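Right, one structure below, let's go through it.
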Amino acid sequence: MNYREAARAAWPFAALGGLVLGSALQLQQALLWPWPGYAVLLGTGLLGLSAIIALRARWIRFVLAFALLCGAGLGVGLAGVRACAFVALVQHPVNRFNY
(Lines give C-alpha, C1' and ligand atoms only; values in the text may rest on other atoms or scores of the structure.)
Protein backbone atom coordinates (compact mmCIF):
# COMPACT_ATOMS: atom_id res chain seq x y z
CA MET A 1 0.00 0.00 0.00
CA ASN A 2 1.53 3.30 -1.04
CA TYR A 3 1.02 6.75 0.42
CA ARG A 4 -1.90 7.66 -1.84
CA GLU A 5 -3.88 4.55 -1.04
CA ALA A 6 -3.26 4.99 2.66
CA ALA A 7 -4.37 8.61 2.55
CA ARG A 8 -7.48 7.72 0.56
CA ALA A 9 -8.36 5.17 3.19
CA ALA A 10 -7.72 7.69 5.99
CA TRP A 11 -10.24 10.39 5.07
CA PRO A 12 -13.11 8.82 7.09
CA PHE A 13 -10.93 8.97 10.19
CA ALA A 14 -10.19 12.64 9.49
CA ALA A 15 -13.94 13.25 9.16
CA LEU A 16 -14.61 11.49 12.48
CA GLY A 17 -11.92 13.57 14.14
CA GLY A 18 -13.56 16.68 12.73
CA LEU A 19 -16.93 15.50 14.02
CA VAL A 20 -15.56 15.26 17.56
CA LEU A 21 -13.78 18.61 17.19
CA GLY A 22 -16.92 20.31 15.88
CA SER A 23 -19.06 18.94 18.69
CA ALA A 24 -16.53 20.17 21.24
CA LEU A 25 -16.46 23.61 19.61
CA GLN A 26 -20.24 23.88 19.70
CA LEU A 27 -20.29 22.97 23.39
CA GLN A 28 -18.00 25.94 24.06
CA GLN A 29 -20.49 28.45 22.62
CA ALA A 30 -21.93 30.86 25.15
CA LEU A 31 -25.18 31.43 23.22
CA LEU A 32 -27.01 29.26 20.72
CA TRP A 33 -27.48 30.45 17.17
CA PRO A 34 -30.88 30.11 15.52
CA TRP A 35 -31.41 26.56 14.30
CA PRO A 36 -31.21 27.41 10.55
CA GLY A 37 -27.54 28.35 11.02
CA TYR A 38 -26.81 24.92 12.41
CA ALA A 39 -28.86 23.30 9.66
CA VAL A 40 -26.76 25.09 7.03
CA LEU A 41 -23.55 23.80 8.66
CA LEU A 42 -24.99 20.31 8.83
CA GLY A 43 -26.00 20.35 5.17
CA THR A 44 -22.68 21.82 4.09
CA GLY A 45 -20.78 19.12 5.97
CA LEU A 46 -22.87 16.37 4.41
CA LEU A 47 -22.52 17.90 0.96
CA GLY A 48 -18.74 18.15 1.34
CA LEU A 49 -18.36 14.57 2.53
CA SER A 50 -20.55 13.32 -0.30
CA ALA A 51 -18.39 15.31 -2.74
CA ILE A 52 -15.30 13.55 -1.39
CA ILE A 53 -16.96 10.19 -1.98
CA ALA A 54 -18.29 11.08 -5.42
CA LEU A 55 -15.24 12.84 -6.86
CA ARG A 56 -12.48 10.65 -5.41
CA ALA A 57 -10.19 13.66 -5.41
CA ARG A 58 -6.55 13.32 -6.35
CA TRP A 59 -5.13 15.92 -3.96
CA ILE A 60 -4.62 13.77 -0.90
CA ARG A 61 -3.57 16.45 1.58
CA PHE A 62 -6.44 18.62 0.46
CA VAL A 63 -8.87 15.73 0.88
CA LEU A 64 -7.76 15.03 4.45
CA ALA A 65 -8.01 18.70 5.44
CA PHE A 66 -11.35 19.04 3.65
CA ALA A 67 -12.69 15.92 5.39
CA LEU A 68 -11.61 17.34 8.76
CA LEU A 69 -13.34 20.64 7.98
CA CYS A 70 -16.53 18.94 6.75
CA GLY A 71 -16.58 16.70 9.80
CA ALA A 72 -16.23 19.74 12.05
CA GLY A 73 -19.14 21.44 10.28
CA LEU A 74 -21.16 18.28 10.65
CA GLY A 75 -20.35 18.08 14.37
CA VAL A 76 -21.26 21.72 15.02
CA GLY A 77 -24.46 21.32 13.05
CA LEU A 78 -25.57 18.12 14.76
CA ALA A 79 -24.80 19.35 18.26
CA GLY A 80 -26.40 22.73 17.57
CA VAL A 81 -29.63 21.36 16.12
CA ARG A 82 -29.90 18.95 19.02
CA ALA A 83 -29.30 21.75 21.54
CA CYS A 84 -31.93 23.93 19.86
CA ALA A 85 -34.42 21.07 20.05
CA PHE A 86 -33.75 20.62 23.76
CA VAL A 87 -34.12 24.37 24.39
CA ALA A 88 -37.44 24.34 22.55
CA LEU A 89 -38.70 21.52 24.79
CA VAL A 90 -37.60 23.30 27.94
CA GLN A 91 -39.20 26.58 26.91
CA HIS A 92 -42.52 24.98 25.94
CA PRO A 93 -42.95 21.82 28.05
CA VAL A 94 -46.75 21.73 27.56
CA ASN A 95 -46.36 21.10 23.82
CA ARG A 96 -44.35 17.98 24.57
CA PHE A 97 -47.32 16.12 26.03
CA ASN A 98 -50.03 17.67 23.81
CA TYR A 99 -52.37 18.72 26.64
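Residues take their numbers from the sequence shown, with the count starting at 1. As the structure is a prediction and not an experimental result, all values here were calculated from the model.
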>> How long is the straight-line distance from CH2 of W35 back to CG of L42, given to the nearest 0.5 Å?
In response: 11.0 Å

> With sequence neighbours excluded, what pairs up with L19 under the side-chain contact (heavy atoms from CB on, under 4.5 Å) test?
Replying inline: L16, L74, L78

> What residues form a side-chain contact (heavy atoms from CB on, under 4.5 Å) with L69, not counting sequence neighbours?
Replying inline: none

> Shortest non-hydrogen contact from P12 to A9?
Replying inline: CD-O, 3.4 Å

> Are W11 and F66 grouped together when hydrophobic residues (ILVMFWY) are joined by side-chain heavy atoms under 4.5 angstrom apart?
Replying inline: yes

> In the single-linkage hydrophobic clustering (I, L, V, M, F, W, Y; side-chain heavy atoms under 4.5 Å), do I53 and F62 co-cluster?
Replying inline: yes

Mind listing the side-chain donor-acceptor pairs of residues 43-52 below 3.5 Å, one per line with the distance, residues two or more places apart or on another chain?
residue, atom, partner, partner atom, Å
T44, OG1, V40, O, 2.7
S50, OG, L46, O, 3.1
S50, OG, L47, O, 2.8

>> Once side-chain contact (heavy atoms from CB on, under 4.5 Å) is applied, do any residues pair with L32, and if so which ones, sequence neighbours excluded?
In response: Q26, Y38, A83, C84, V87

>> As an exercise, state the distance from OG of S23 to CD of Q28, rounded to the nearest 0.5 Å.
In response: 11.5 Å

>> Walk me through whether V81 and F86 qualify under side-chain contact (heavy atoms from CB on, under 4.5 Å).
In response: CA-CA 9 Å; V81 167; F86 281 139; over 6 Å; no

